[in-house]
4 protein chains.
Amino acid sequence: MGKRKNSEKYHRIIEAATKIFADKGFYQTKISEIAREAGVADGTIYIYFENKDDILISLFEERMKEVLDNMREQVSKEGDPVKKLETFALAHLRLVEQNKSMAEIIQVELRQSSKFMKEYKNEQFLEYLELIAEIIRQGQRKGIFRKDIIPGVAKRAFFGALDEMSRFWVLSSRKQYDISTAARQISGYFLTGIKA
Amino acid sequence: MGKRKNSEKYHRIIEAATKIFADKGFYQTKISEIAREAGVADGTIYIYFENKDDILISLFEERMKEVLDNMREQVSKEGDPVKKLETFALAHLRLVEQNKSMAEIIQVELRQSSKFMKEYKNEQFLEYLELIAEIIRQGQRKGIFRKDIIPGVAKRAFFGALDEMSRFWVLSSRKQYDISTAARQISGYFLTGIKA
Amino acid sequence: MGKRKNSEKYHRIIEAATKIFADKGFYQTKISEIAREAGVADGTIYIYFENKDDILISLFEERMKEVLDNMREQVSKEGDPVKKLETFALAHLRLVEQNKSMAEIIQVELRQSSKFMKEYKNEQFLEYLELIAEIIRQGQRKGIFRKDIIPGVAKRAFFGALDEMSRFWVLSSRKQYDISTAARQISGYFLTGIKA
Amino acid sequence: MGKRKNSEKYHRIIEAATKIFADKGFYQTKISEIAREAGVADGTIYIYFENKDDILISLFEERMKEVLDNMREQVSKEGDPVKKLETFALAHLRLVEQNKSMAEIIQVELRQSSKFMKEYKNEQFLEYLELIAEIIRQGQRKGIFRKDIIPGVAKRAFFGALDEMSRFWVLSSRKQYDISTAARQISGYFLTGIKA
DNA sequence: TATGAATGAGAATTCATTCAT
DNA sequence: CATGAATGAATTCTCATTCAT
């Protein structure tokens, strides 16, 4: 029977879990809550998922692939590495804004939770980071970015800057600056900082 | 009963909890494991702490105060805002390097875990961030940093960059760059980016 | 709906259940396993059987009737009570040899399981035992067997001896003695013991 | 940790489990029933036992060792193999009479249940059987029992005869014959059957 | 203070059975 | 008749917390 990933219920459960995990955190979420939220019986969840962990992993992979593809596409539309990074920053923050729950889960449970960090090799996330490094390398080849920049450090600095910003967004209720302002600021000084 | 914070046992428990929380995560750590590691009985833990949550909070506050004081002192030694930020970056990463377990807990359990993020107003951490904002504002007043920089955004960008770097440090086993290189890079392009 | 006992599926399910119950035991067998083995859907089983218990009972009655009739016939062919008992012993062990799964179920689940022992009055099995008692009484009337033998005790002793032997057979992989040797031995000393 | 086999509670739990397993069977007994019967909390059971299986195994080993030692002693008091077997038969049936619950469990759950039969190498029971074989061999050496008797078959026949008898005892409510009569009958014709 | 055995609420998971298709 | 997805009651086991010693 496998996963029946096409099934409507599969998605209803993912949806419900996304919401509740984001709200209460993985460990504080009960299977029965997800079931109630999804409008199915507790047992039904186990038709679609191996166990509670599997819900989290599935939810992540399901969504992250989409995000990664989308980001790749947007970035590839631009030719200039500078524009690419600006696009990345804006798209990332927009994504977070539009998928608050998902963003919260990725930050809190998956990228951070020692359980998942250690057991689950988060390939997708690493690829996401690598997208940034690639842009930087490209800029270096073109002579736009300084040669002494270490892409492996810079990708983390850039991502970290955006990520901390989105954490603030995700967790605070009232936003003081709009997203594009923040994106522009961050890519702004980052770009100035790495330009040749 | 208050917190016999002077007691040697109190510290042994904090120490033990730091180690195990960092290793397995808050929810996957059993009180009995902390007790064993600390060389006390399970029940003894409840003489010094209200409950499991309280261990985590205490551990954090205990340590964070120290970190904050230390950072304030180091930063105040420098007069130049540029130097101050460079100092901050280096000191932060050094701290992480020297307190791997603690750093892991702050990242994974406290700054992230929705349980604590939402219930526990993390004053100390906000002050830590504010330290950066203050340096930036000072630099702006002195005309060293661009006026259009929003300190509230920049502090997060700077901290986020360092933080992502230290996450990498904390979680990866083999380090490719030494800490001061990373610190210099990060404060390097950040400073270039915000300079007038 | 009655039991469409003629249906091919009814027998396929009995067959499958016999195999799996013997292998894993009643409680550890899942309906879905029986269904898979029988090549039907889970729900189909409930068209032919009331519930899980009913499968076991049906399987037993179905088979036991056959065994009983067969044994009655074989025994009635002999006139001499001594020969009758020898025949019984050999036929019983042969039966076990040829129906390992069934024998296992009767021993383990039906004759033993307190659930079924207590709720299900096992008429067929009692008749099977009574067959032995009858032969003994006949022998006593003919003066061949000692009058002080209590048929109610002797039937159990004889059956028990054969049964323990077959349990050994059913559960051990390599047989050290062939069946007719064992049958001859057992009926041998039993007969000597009860002969006048 | 450990078994604390000396603990009074350990024995209260064993006692309770013996009673309820005998009454309802292993699979139909709930941990909470054992706990209630033993007058402890559910969780307490897990201080003394690994899991439900472990209760059954422990209960068996605890008791069987005692039985085995006791039987060995009684048998060794007699010099004559004939007397030894008579003693065995009587002692076995008396044991069953005095430990109805235990006897039921051994028969139903442990000697029979496919789960335990297959996973748990029942050494103690095999030794118990071997006790009979040893007496037979001894009798053969002394020329008292026929040389053509196969001890491996005869031990099972003898034990099986007693066992079937005790099953009857254990499971039927009104006893028609007293124990010593049955014991005498069984060892009676068995002995006649194997005597030289 | 310190102990650690005992507690029992709580939660994940299983699986016989049903029923809409 | 046949299906198999869905159900949800049932049950084992865990572990933070308590409290008598």
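Order of the sequence lines sets the chain letters (A, B, ...), proteins ahead of strands, with each chain counted from 1.
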Inset, instruction - Assign each of Thr44(C) and Thr44(B) to its nearest nucleotide of DNA chain E by heavy atoms, then name whichever residue's nucleotide is nearer the 5' end. - result: Thr44(B)

Legend entry - Residue Glu15(C) excluded, over 12 heavy atoms near CD under 6.0 Å: no

Inset, instruction - To the nearest Å, give me how far apart CG (Asp42(C)) and P (dA20(E)) are. - result: 18 Å

Legend entry - d(CD1, Ile47(C); C1', dA20(E)) in whole Å: 14 Å

Legend entry - Residue mapping more 5' on DNA chain E - nearest nucleotide basis, Lys52(C) or Ala41(D): Ala41(D)

Inset, instruction - Assess Lys52(B) against Phe26(B): is NZ or CZ under 6.0 Å from the centre of the six-membered ring, and within 45 degrees of the ring's axis? - result: yes

Inset, instruction - Specify the separation, in whole Å, of atom CD1 of Ile31(B) and atom P of dT18(F). - result: 11 Å

Legend entry - Whole-Å gap separating P (dT13(E)) and OH (Tyr46(A)): 4 Å

Legend entry - Side-chain ion pair, Lys100(A) and Glu104(A), N-O less than 4.0 Å: no

Inset, instruction - Start with the C-alpha distance between Phe49(C) and Tyr10(C), add both sets of side-chain angles, then the distance that settles ring pair (Phe, Tyr, Trp, His ring centres under 6.0 Å), and finish with yes or no. - result: CA-CA 8 Å; Phe49(C) 301 89; Tyr10(C) 175 84; 5.1 Å; yes

Inset, instruction - Please state how far atom CD in Glu33(C) lies from atom C1' in dG4(F), giving the value in whole angstrom units. - result: 16 Å

Inset, instruction - May I ask you to evaluate whether Tyr48(B) reaches the phosphate of dA2(E), defined as a side-chain N or O under 4.0 Å from OP1 or OP2? - result: yes

Legend entry - Who pairs with dT21(E) - Watson-Crick or G-U, where each distance is under 3.5 Å: dA2(F)

Legend entry - d(CD, Glu8(B); P, dT1(E)) in whole Å: 13 Å

Legend entry - Spacing of Arg12(B) atom CZ relative to dT1(E) atom P, expressed in whole Å: 14 Å

Inset, instruction - Could you check if a side-chain atom of Asp53(A) sits within less than 4.5 angstrom of a side-chain atom of Leu56(A), using non-hydrogen atoms only? - result: no

Inset, instruction - For dA6(F), take OP1 and OP2 only and decide whether either is under 4.0 Å from a side-chain N or O of Lys9(A). - result: yes

Legend entry - Toward the 5' end of DNA chain F, by each residue's nearest nucleotide, Gly43(C) or Asn51(B): Gly43(C)

Inset, instruction - Grab the CD-P distance between Gln28(A) and dG10(E) for me, whole Å please. - result: 14 Å

